[in-house]
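When a residue number appears, it is its place in the shown sequence, counting from 1.
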Amino acid sequence: MKLLIKQRVFSWTDSYDIYDEDENKKYFVKAEFFSFGHQLHVYDNSQNEIGVIKQKLFTILPSFEIEIGGETKGTIQKKFALFQPKYEVDFNGWRVEGNFLGWEYDVYNECCPIIHITKELFHWGDTYVIDIADRRDELMGLMLVIAIDAANCTQNN
């Protein structure tokens, strides 16, 4: 199954709409306008908050906690690297490999690839495709991709 993440271009805060493979809106993400650090709230199509991505403050490199249903599920922290972004991922036992700068990477559970993420070019605003092998990993995969995007945006600002 696939999810398509489209950034809302004309928005005061980081906002995204997430669509299923039939182009039905499934989730949306909205950042807090007045907060210390990055805080992104993820909602289902019925406007129920299902997760939050919170930036940890007072860290040298961007670091984020991923919460689902009010429970912290893991963290992602950008690591120092000269040429290509690297991340330390402590989330669901997964590991992430690939070209983060070009947004072409895979998520593995042990030795098996479970999610493939690509950035689509030539769109107004950032657009990402998440290809998920197992529907049960949908929400966790979405939260991970949003956290990585937040780490990239925070580092670039």
Of all heavy-atom pairs between A147 and F64, which one has the smallest distance, and what is that distance? O-CD1, 4.2 Å
So how far is it from I18 CD1 to D20 CG, rounded to the nearest 0.5 Å? 11.5 Å
Report the residue from K54, E67, K30, E32 that forms a side chain to side chain donor-acceptor pair (under 3.5 Å) with H41. E32
Would I148 end up clustered with Y108 when hydrophobic side chains under 4.5 Å apart are linked, directly or stepwise? no
Minimum heavy-atom distance M140-F91, with the two atoms named: O-CE2, 3.3 Å
Going hydrophobic residue to hydrophobic residue with side-chain gaps under 4.5 angstrom, can you get from Y105 over to V89? yes
Could you point out which residue of K6, K25, Q7 forms a side chain to side chain donor-acceptor pair (under 3.5 Å) with D17? K25
Which distance, rounded to the nearest 0.5 Å, do you find between the CD1 of I130 and the CD1 of I5? 3.5 Å
Would a hydrophobic clustering, with Ile, Leu, Val, Met, Phe, Trp and Tyr connected at side-chain separations under 4.5 Å, put M143 with Y19? no
Smallest separation among heavy atoms of Q39 and V52, with atom names: OE1-CG1, 4.5 Å
When rounded to the nearest 0.5 angstrom, what is the spacing between CD1 in I114 and CZ in R136? 11.0 Å
Does the side chain of K2 reach to within under 4.5 Å of the side chain of D131, using non-hydrogen atoms? yes
In short, T75 meets K56 closest at the heavy-atom pair CG2-NZ, 3.7 Å
Hphob cluster co-occupancy, F28 + V145, side-chain heavy atoms under 4.5 angstrom: no
Rounding to 0.5 Å, atoms CG (L4) and CG (D22) come to a distance of 12.0 Å
Test item: N45 and K26 side chains (from C-beta on) under 4.5 Å apart, heavy atoms: no
L142 CG to I132 CD1 distance, which is reported to the nearest 0.5 Å: 7.5 Å
Nearest non-hydrogen partners of L144 and I76, listed with the distance: CD1-CD1, 4.3 Å
Donor-acceptor pair, side chain of D137 and main chain of G141, under 3.5 angstrom: no
Would you please test D106 and E97 for side-chain contact (heavy atoms from CB on, under 4.5 Å) and show each step? CA-CA 5 Å; D106 294 294; E97 294 179 6; 5.6 Å; no
Value rounded to 0.5 Å, distance of CD1 in I68 from CG in L139: 4.5 Å
Could you check whether any side-chain N or O of R95 sits under 3.5 Å from a backbone N or O of E110, counting only pairs where one atom can act as donor and the other as acceptor? yes
For the CD atom on E88, are there more than 12 heavy atoms of other groups (residues, nucleotides or ligands in this structure) within a distance under 6.0 Å? no
Of all heavy-atom pairs linking G93 and N109, the shortest is O-OD1, 4.3 Å
Answer with yes or no whether the hydrophobic clustering places I146 together with V129; edges join I, L, V, M, F, W, Y residues whose side-chain heavy atoms lie under 4.5 Å apart. no
